[in-house]
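One structure follows; several queries about it will come next.
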Amino acid sequence: MAAMNIATVFLVPLFLGYAGYLFLLREQHHSWPAVFAIAFGLGMGALTQWMLLLSAMGIPLSRGSISWPLLAVAGGLLFLARKRKALQDGGRDRLFSAGRVKDNSLTRWRWLTVVLVLYITFQMAFVFWRAFHIPIYVWDELFVIAIKAKVFFYEQGLLHLKVFDLTSYPLHVPLSLAWVAFNLGHWDEQLIKIIFPVIYGCYVVLHFDFLSSYVSRFWALAGAALLVSANYLNFLATIAYRDVFLMYYTVVALMLLLKGNETKSSGILTLAGLFLGFATFTKLEATGYLGVMAVFFIYLLVRRTSGPCGVKFGFFMRFIIPALVIEGFYIGYQRFHGIAFLQGRSRFAFSEDMMMRAGEILFRFGENLFFSGNWNILWVLLVISIVANRRQWREPVVQNVLAGLLLFFVFLVSVALLTTNFISLAGEYTYTTLSRLFLHFFPLCPLLIVLLSAEPKGRGSS
Amino acid sequence: MRGTWANGNGSMRDILATIIDAYYHPNHNFFFIPHINGYNLHLQVYVMIAATAMGILLLRVFRKGRARKDAVSPLLIAGWIFLALMVGLQSASQAFHFFGRTIPDFQDKNLDEKLDVIYALESYRFVRVVLANVQEPCRGDFVADSETWGTIDPFLIRYYLYPVVDMVKKEAPADCVVVYNKENPTAAVPEGFEVIAVYDAKSLFAARRK
């Protein structure tokens with residue numbers, strides 16, 4: 001019975017996400033593991049939106065009230081997708097992964113492949129074991145995340161949201177934890193964290209899948225190994241913090257944007273918009289990332305020379321509207337309940353000392369990226385890769401991912417320079433805040449290292 | 001000394017233990033790199049990358065007469081070599097702590113035993129005493145000395161006592177009070193309440209008299 005309860009934690013969002021995926025994309029663009037990895041994130045995002053809506057309507061949250069309507073919606077979406085002949089298998093245009101292109105790189109580098117697979121497996125086992133065996137204990141879990149989830153579970157809703165500290169924080173993760181508890185039928189300090197290693201695993205799969213559409217599978221595997229070599233990511237995947245979820249939604253949205261732009265698929269762009277919207281429901285920072293991604297997509301559209309402006313505008317709307325609707329829904333919910341959006345946590349604060357601040361900010365950023373134990377030596381390897389692989393600079397995907405990464409840094413530096421958040425971003429005791437902010441787009445670093453180091457598909461060895 | 005290889009006598013084994021212990025800090029959410037001889041360990045790795053790259057470049061120049069333009073950059077080769085070394089060290093550190101410490105500490109233990117390992121804190125022991133003595137669920141107030149408010153203790157107590165002692169909702173008047181780490185705790189017990197459990201000289205749990 002317990003196993004069945006745990007299974008439903010995943011089956012409902014997976015089914016919903018898969019139906020939504022087929023409805024939007026009309027056909028299966030990804031390998032099966034990647035489809036699961038996207039469907040789970042999509043389903044969880046939709047599920048917590050539904051929980052928020054139920055609470056807004058005053059309907060008590062329970063496993064039944066959450067899952068039955070969602071299963072009906074998923075069934076409807078599958079029916080519509082089937083009606084549009086979405087499930088045809090012939091002539092798939094694979095989105096991320098290599099599809100059926102022959103790739104013998106894994107057998108050519110057999111021993112290195114074995115080492116990489118063992119290393120990734122060890123890290124995954126570490127994350128899953130720790131998450132399942134170590135209970136809730138870290139500051140933010142007790143202070144703001146798990147406590148909210150526990151109250152939502154016992155109160156069957158968000159009735160008492162205003163009594164919490166940091167009321168304005170988005171609720172995707174607390175509601176996800178409550179969803180786990182509704183399925184288990186009780187609050188379990190261990191099993192409640194089950195979703196964190198799973199979302200970590202989903203991201204690793206998508207990281208590999210995305211890379212394998214540009215480089216050989218061996219290099220894609222190396223990219224996944226680089227990703228899991230970051231201690232900080234592995235640690236955060238074992239505790240109930242919101243940052244791994246935000247990393248998943250933000251970076252997958254960026255990957256989907258790139259692919260949607262390449263394939264001119266409006267369905268993929270809508271999916272990217274939904275992921276970005278779910279990111280805004282995960283942490284407040286993602287509201288800023290929404291601006292970053294909007295600028296990034298405008299950059300992609302401007303770079304694309306073909307196509308009339310009207311079509312490009314249409315693509316932009318396909319992406320931005322879902323994100324704004326999700327963000328707007330939560331802001332509306334907050335306003336209705338008299339909760340300020342940022343609660344004064346960030347204000348514009350231009351000062352004449354800005355240039356002094358700039359030096360301090362760069363010092364703190366550099367210290368964290370290059371001299372902490374969070375990221376291995378990956379950021380230095382990225383700098384070396386950029387300098388040493390100038391030949392790869394002309395690859396559009398390299399240019400685009402690098403542009404995305406720079407935009408994130410520009411955003412963070414701007415926030416530190418121009419707002420009251422300077423203290424938390426570049427103050428003396430900024431380690432945790434800054435590390436968590438970098439984590440949200442950190443996967444772009446190993447992505448770029450591999451894209452810069454490996455021969456692109458079709459140019460050289462596969 | 002459990003959880004480290006170091007034996008404290010400044011031997012080569014000690015240096016190795018310092019480096020290996022540097023990369024995994026169980027139960028912490030950020031990671032500092034130690035300094036060896038006053039220099040950050042990563043800085044020393046970067047210097048070694050640069051030195052190795054110079055060595056590779058010189059080797060190429062001596063062997064070929066000049067460096068080939070199409071060859072992979074020596075800096076890149078050195079970077080990947082040291083990354084592999086670092087991953088090896090970090091994995092060794094992680095595996096050492098994981099198999100040697102984390103698994104024995106947490107496998108087949110109940111929640112109380114696990115939290116004792118993580119915190120070894122009085123606050124969770126206090127929670128257990130309150131939970132063992134509370135007679136019925138109640139709406140509670142939390143009272144503590146000002147220095148306690150800056151620690152994790154109030155949040156840990158609030159989290160683990162909920163829902164039996166609800167210190168989240170504030171609408172209704174309290175029918176119990178949790179006094180933790182406060183001088184003269186009985187003075188914080190309101191009129192009409194009785195002390196149900198005393199944890200130590202500074203902490204107790206009281207409830208409204210029936």
Inset, instruction - Scan side-chain atoms only and decide if B:Thr102 and B:Asp105 contain a donor-acceptor pair under the 3.5 Å cut-off. - result: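 There is no such pair (donor and acceptor under 3.5 Å, judged by atom type) between the side chains of B:Thr102 and B:Asp105.
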Legend entry - Proximal component of B:Thr151, with respect to chain A [non-hydrogen, under 4.5 Å]: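 B:Thr151 touches chain A through backbone heavy atoms alone.
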Inset, instruction - Flag the pair B:Asp153 / B:Asn181 as yes when at least one side-chain heavy-atom distance between them is below 4.5 Å, and no otherwise. - result: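 Sidechains of B:Asn181 and B:Asp153: no contact.
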Legend entry - Heavy-atom side-chain proximity of B:Phe106 to B:Glu113 below 4.5 angstrom: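 With C-beta onward as the side chain, the pair stays apart.
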Inset, instruction - Check each atom of A:Ser453 against the heavy atoms of chain B and say whether the ones under 4.5 Å are side chain, backbone, both or neither. - result: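 Side chain only.
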Inset, instruction - Please flag which part of B:Leu41 lies under 4.5 Å from any non-hydrogen atom of chain A: side chain, backbone, both or neither. - result: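 Answer is neither: B:Leu41 stays 4.5 Å or more from chain A.
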Inset, instruction - Answer yes or no: is there a side-chain heavy-atom contact under 4.5 Å between A:Leu175 and A:Leu158? - result: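 SC-SC contact between A:Leu175 and A:Leu158 confirmed.
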Inset, instruction - Flag the pair A:Trp139 / A:Tyr241 as yes when their ring centroid distance falls below 6.0 Å, and as no otherwise. - result: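 That pair fails the under 6.0 Å test.
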Inset, instruction - Check whether B:Phe99 gets within reach of chain A through its side chain, its backbone, both or neither, counting any heavy atom under 4.5 Å. - result: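 The side chain, not the backbone.
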Inset, instruction - Heavy-atom pairs under 4.5 Å with chain B are the metric here; pick the option from A:Ala225, A:Ser372, A:Ala388 that has the most. - result: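 Max contact count across the listed options: A:Ser372.
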Legend entry - Positions in residues 80-88 of chain B that reach chain A, provided some heavy atom is under 4.5 Å away: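 Within residues 80-88 of chain B, near chain A: B:Trp80, B:Phe82, B:Leu83, B:Met86, B:Val87.
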Legend entry - Interface moiety of B:Ala53 toward chain A, non-hydrogen atoms closer than 4.5 Å: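 Neither; nothing under 4.5 Å.
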Inset, instruction - Flag the pair B:Tyr46 / A:Phe371 as yes when their ring centroid distance falls below 6.0 Å, and as no otherwise. - result: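 Yes.
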Legend entry - Worked verdict on A:Phe153 versus A:Leu61 for side chain to side chain contact (heavy atoms under 4.5 Å, CB included): CA-CA 8 Å; A:Phe153 169 67; A:Leu61 297 177; over 6 Å; no
Inset, instruction - Check whether any side-chain heavy atom of A:Leu246 lies under 4.5 Å from a side-chain heavy atom of A:Arg242, and answer yes or no. - result: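 Counting from C-beta outward, A:Leu246 and A:Arg242 never come under 4.5 Å.
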Inset, instruction - Please state whether the side chain, the backbone, both or neither of B:Tyr160 comes within less than 4.5 Å of a heavy atom of chain A. - result: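 Interface part for B:Tyr160: both.
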Inset, instruction - Answer whether the closest heavy-atom distance between the side chains of A:Glu141 and A:Leu177 falls below 4.5 Å. - result: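 When only atoms from C-beta onward are counted, A:Leu177 and A:Glu141 do not touch, as no gap falls below 4.5 Å.
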Inset, instruction - Output all residues satisfying side chain to side chain contact (heavy atoms under 4.5 Å, CB included) with B:Pro137, sequence neighbours left out; order by chain, then residue number. - result: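 In terms of side chain to side chain contact (heavy atoms under 4.5 Å, CB included), with neighbours along the sequence ignored, B:Pro137 is linked to no residue.
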Inset, instruction - Would you please indicate yes or no on a ring centroid separation below 6.0 angstrom for A:Tyr232 and A:Phe438? - result: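 No - the distance between ring centres of A:Phe438 and A:Tyr232 does not fall below the 6.0 Å cut-off.
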Inset, instruction - Sort A:Ile136 into side chain, backbone, both or neither according to what part of it lies under 4.5 angstrom from a heavy atom of chain B. - result: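 Its backbone and side chain both get close to chain B.
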Inset, instruction - Report, by ascending residue number, the residues of residues 118-127 of chain A in heavy-atom contact with chain B at a distance under 4.5 Å; give 'none' if the set is empty. - result: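 Expected list: A:Tyr119, A:Phe122, A:Gln123, A:Phe126.
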Legend entry - Contacting region of B:Phe98 [heavy-atom separation from chain A under 4.5 Å]: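 Just its side chain gets close to chain A.
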Inset, instruction - Measure up the A:Trp109 and A:Phe218 rings against each other and bin them: parallel (under 30°), tilted (30 to 60°), perpendicular (over 60°). - result: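 The rings of A:Trp109 and A:Phe218 lie parallel, inter-plane angle below 30°.
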Inset, instruction - Name the option with the most non-hydrogen atom pairs under 4.5 Å to chain B; the candidates are A:Ser385, A:Ser229, A:Pro135. - result: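 Most pairs with chain B among the choices: A:Pro135.
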Legend entry - Sequence neighbours excluded, every pair satisfying salt bridge (charged side-chain N to carboxylate O under 4.0 Å, His left out) that has a member inside residues 111-126 of chain A: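 Non-adjacent pairs meeting salt bridge (charged side-chain N to carboxylate O under 4.0 Å, His left out): zero.
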Legend entry - Within-4.5 Å side-chain heavy-atom neighbours: B:Leu156 and A:Tyr137: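 No; the side chains remain at least 4.5 Å from each other.
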